[in-house]
Structure formats: C-alpha cells, structure tokens
Engineer: 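I am attaching a structure below and will ask some questions about it afterwards.
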Amino acid sequence: MNKLAIREEVGQKLLEWYEANKRDLPWRRTRDPYAIWVSEVMLQQTRVETVIPYWERFLERFPTIEALADAPESDVLKLWEGLGYYSRVRNLQKAAQVVKERHHGIVPDTLDEMRALPGVGPYTAGAVQSIAYDLDVPAVDGNVFRVLSRLFLIEEDIMKPKTRKTFEDLAEFLIPSGRAASFNQALMELGARICIPKNPRCGTCPVQGPCKAYAEGVQEELPVKEKKKPPRPVDMTAALVRSGDAVLIRRRPDTGLLAGLWEFPGGERMEGETLEDSLVTHLRESLGITVQPLHLFAQVEHTFSHLHWNMRVFECDLLTGEVRVSEDVRWVALHDLETYAFPVAHQKIVKQLGGLI
DNA sequence: AACGCGGGGGA
DNA sequence: TCCCCAGCGTT
C-alpha cells in the first residue's frame, strides 16, 4: 500500500475511533486556550487521573491569564504542590505575565509566538495551537512517539534529539486537513489506552490493519529507547528546630531542585562527614545559627528520577539566642505548615509532626 | 548532545 | 518491590 493510502486509512480510522471512545475530560469541555494550555503543562509528565483534581483547583483559583499573572508565586506553588517539576508552573506564570503585558492577555495564535514563551516547547505549542486554535500542526508527546514507532516500525532511538524531526514530519503528514485537534488527541488517546508500553491491546486497536510492528510481531520491542541511569544515592540531613508551638522552615533557592519550595533546613552530607556535623555546618552557613542535634526524629526515603535521598531528621536545640527571620526563613506554628508548599520528601516529615499536635 | 528536573502507577 | 512513564531549559 502506498503512503497516501496509509495516511488516508490511519486518519479515518483514528478519527472515527476517537469520536466513539474519547474520555470525558474536563479540559475537553472548554475552548479556552488558557485552560487548555494549563492542562497541557500539567499533563507533560503526569497522568490524566492525577491531573484532573489539580486542574480543577488551579482553574478555580486562577480562572484567567491575568489572575495567574498577578498571583503571588507562593500561591501558585501551593496549588502545584505534589505535582513535581515545579519549574513548569514557575515558567507558566512567567509566560502568563508576558501574555498579559505583550499580547493583551490573549494566548497568541501562532506557533512561533507561542514557542517564544517560557516553558513552551514544540509539544506544548503544537498541542495548544491545534486543540485551541485548530491549526494543522503536530503535537508529538511520548504517546505519539510510541504509536508512530510501532505503526511505521521506526527503530530510531526516540531519546535522541535528531529523531524528533522524523516523528514531527510524519505526524504532520498524517493530519487529515482541518482535523488536527481531534487527530492529535486521537494519537495520544490511542497511546494512553490501547497502544500502551507493555502488553498493548492490539486486539481492539483501530489501526491494527496498517500497523507494521503488529504485522512483524515486534510491537513490544518498540519504541527503541536508551536506558537511563539509576538514581544517585544521597545522604541528606534536616533539622527539626522547635520554639514553643513553632518550627523553623526555610525557602529553597529560586533555581535548581525543588526551586522556591519550603523545607526543614539541612542539606547533603559531604564525604567523610558525620550526619550531625553536616547538619550543624549547613545551619551555620545557611542560617547563621548554631544547633545541637539531640536525637533522630525521623528517617525519610525519597526517590527522584535522578536522585535517591536517604534523609535523617534530627530534633535540635537552638544554641544561638536568636534566628534572623526573613522572607525565606520563618517560625511557623505546626497547624500553619499546611499553608506552605513542601516537596513530598518534606511532607513526609510534616506528616510525622502531625502526631505532636 | 548531555544533563537536571518529581512524582505516581502498575506488574 | 521493582520497573516504567518524558517535555523543556540549561550548559
């Protein structure tokens, strides 16, 4: 079969399947480009079921571009707490400020203008432009990589940057004219529900017929992907410093891991250092205070994609008379901790503190 | 091109 | 418990 005939068949079969099988997701009930944009950013590395409640709360609290642009960053992070990859929402807010100031609060309706916004790459730009503005542009996410690699038996490593153009060109070629919104979502929906990573449901797949990987029986071997290395183990310390009903917390720096979130002060143990010495040094250097670790309060394990924290939390005496509080260092009553955005690793500590209230 | 960046679900 | 899921920015 020639290329144009396959394009015809895949387009028709996928659109038909999608119309009959698409899930009723909240962001599919709106045409608001901003609301769709928020959903795409949340969905970047997070599954649908997780995103739904976050999206509802976020749109309720920040219903417009302007509301998001004008909000305190701490409020924005609090609504993102637990979703991970916090730079996503910091960039989203920066982008909202650009849209407010330079685009009259209207999400731009061209690929190039959208791509120029912070946090907007080829996928997000394509998804928003096609879904919200009906532009015939591709939106290639991990699902689409998987579906197309199987459908056309493409064995290039999808993790390699140069491979992206191959898939984008193919995805664009396949778009039935004027139907990018449904077609792009159909490809992703197929990847999420039928053409899944393990044990794909080829028996109920609408494009089993033209699928080259299925014909060869190699669907389980695709897509080809380089293995990533295991998380690096890191010994962490954290201090539980109490004063009456309050505990000492600080805000993490504006860049790097967990930027802008709050935590119990501490840090990475250096080689050859004891946990206690490490903790004392960290608090002296970052907060200018001297503490005496008393006893182990909790041990928390947390795995990131690239790190594994083994965090020991010590209850400490404060030897310094006074702590210089600031924008980033605060005494907070136990029952007020919930108003601050913490990484999940530190939420585990907060949870254990709950027993003390 | 290589690396940093979180967290959750399913087998 | 182990293994899997990946877009974007920075360097």
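Order of the sequence lines sets the chain letters (A, B, ...), proteins ahead of strands, with each chain counted from 1. Note that the coordinates shown come from a computational prediction; the quantities given were computed from them, not determined experimentally.
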Engineer: Hey, which sits more toward the 5' end of DNA chain B by its nearest nucleotide, A:P161 or A:L307?
Structural biologist: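 Whichever sits nearer the 5' end wins; that is A:P161.
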Engineer: Classify the ring geometry of A:F264 against A:H346: parallel below 30°, tilted from 30° to 60°, perpendicular beyond 60°.
Structural biologist: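 Parallel.
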Engineer: Using a heavy-atom cut-off of under 4.0 Å over every strand shown, decide if A:K162 touches base, sugar-phosphate, or nothing.
Structural biologist: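 Touches sugar-phosphate only.
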Engineer: Hey, does the side chain of A:N184 reach the backbone of A:V137 with a donor-acceptor pair shorter than 3.5 angstrom?
Structural biologist: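 Yes.
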Engineer: Which residue lies toward the 5' end of DNA chain B, A:Y86 or A:E226, if each is placed at its nearest nucleotide?
Structural biologist: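 Final value for this comparison: A:E226.
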Engineer: Is the ring centre of A:Y18 less than 6.0 Å from the ring centre of A:F183?
Structural biologist: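 Ring centroids of A:Y18 and A:F183 are no less than 6.0 Å from each other.
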Engineer: Each nucleotide in nucleotides 3-9 of chain C should get exactly one letter: B, S or -. Can you fill that in based on protein heavy atoms under 4.0 Å?
Structural biologist: -SBBBSS
Engineer: With the threshold set at 4.0 Å, does a side-chain nitrogen-carboxylate oxygen contact exist between A:R193 and A:E189?
Structural biologist: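 Looking at A:E189 together with A:R193, the answer is yes, because their closest N to O distance falls below 4.0 Å.
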Engineer: Please confirm whether A:R57 makes a cation-pi placement over A:Y54, using NZ or CZ under 6.0 Å from the six-membered ring centre and within 45° of the ring normal.
Structural biologist: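 Geometry flag: set, cation within 6.0 Å and 45°.
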Engineer: Strictly below 4.0 Å, N to O, side chains only: are A:R164 and A:E168 in salt-bridge contact?
Structural biologist: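 A:E168 and A:R164: salt-bridged.
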Engineer: Rounded to the nearest Å, what distance is computed from the CG atom of residue A:L257 to the C1' atom of nucleotide C:dT10?
Structural biologist: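 Answer to the nearest Å: 15 Å.
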Engineer: Are there runs of at least three consecutive Watson-Crick or G-U pairs touching DNA chain B, with each pair's two distances under 3.5 angstrom? Give them by first number.
Structural biologist: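 Stems found: B:1-5 with C:7-11, B:7-11 with C:1-5.
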Engineer: So, does A:R146 use its side chain to make a donor-acceptor pair with the main chain of A:G191 at under 3.5 Å?
Structural biologist: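 Here the side-chain-to-backbone pair exists.
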Engineer: For A:R150 and A:Q219, indicate whether the former's side chain and the latter's backbone hold a donor-acceptor pair under 3.5 Å.
Structural biologist: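 Between the backbone of A:Q219 and the side chain of A:R150 there is a qualifying donor-acceptor contact (under 3.5 Å).
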Engineer: According to a 4.5 Å side-chain heavy-atom criterion applied to Ile, Leu, Val, Met, Phe, Trp and Tyr, with indirect links allowed, do A:I175 and A:L111 form part of one hydrophobic cluster?
Structural biologist: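 Different clusters: A:I175 never reaches A:L111 through Ile, Leu, Val, Met, Phe, Trp or Tyr contacts under 4.5 Å.
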Engineer: Any chance the side chains of A:T274 and A:D277 put a donor and an acceptor closer than 3.5 Å?
Structural biologist: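 Side-chain D/A pair, A:T274 to A:D277: present.
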Engineer: Can you tell me how far C1' in C:dA6 sits from the matching atom in B:dC3, rounded to whole Å?
Structural biologist: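 It works out to 14 Å between them.
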Engineer: With rounding to the closest Å, how many angstrom separate the P atoms on C:dT11 and B:dG6?
Structural biologist: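 Each nucleotide's P atom is 15 Å from the other's.
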Engineer: Provide the start and end nucleotides, 5' to 3', of the part of DNA chain B that has atoms under 4.0 Å from heavy atoms of chain A.
Structural biologist: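 Result: B:dA1 to B:dG9.
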Engineer: Is there a path of hydrophobic side-chain contacts, each under 4.5 Å between heavy atoms of I/L/V/M/F/W/Y residues, joining A:I154 to A:L151?
Structural biologist: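 A:L151 and A:I154: one cluster.
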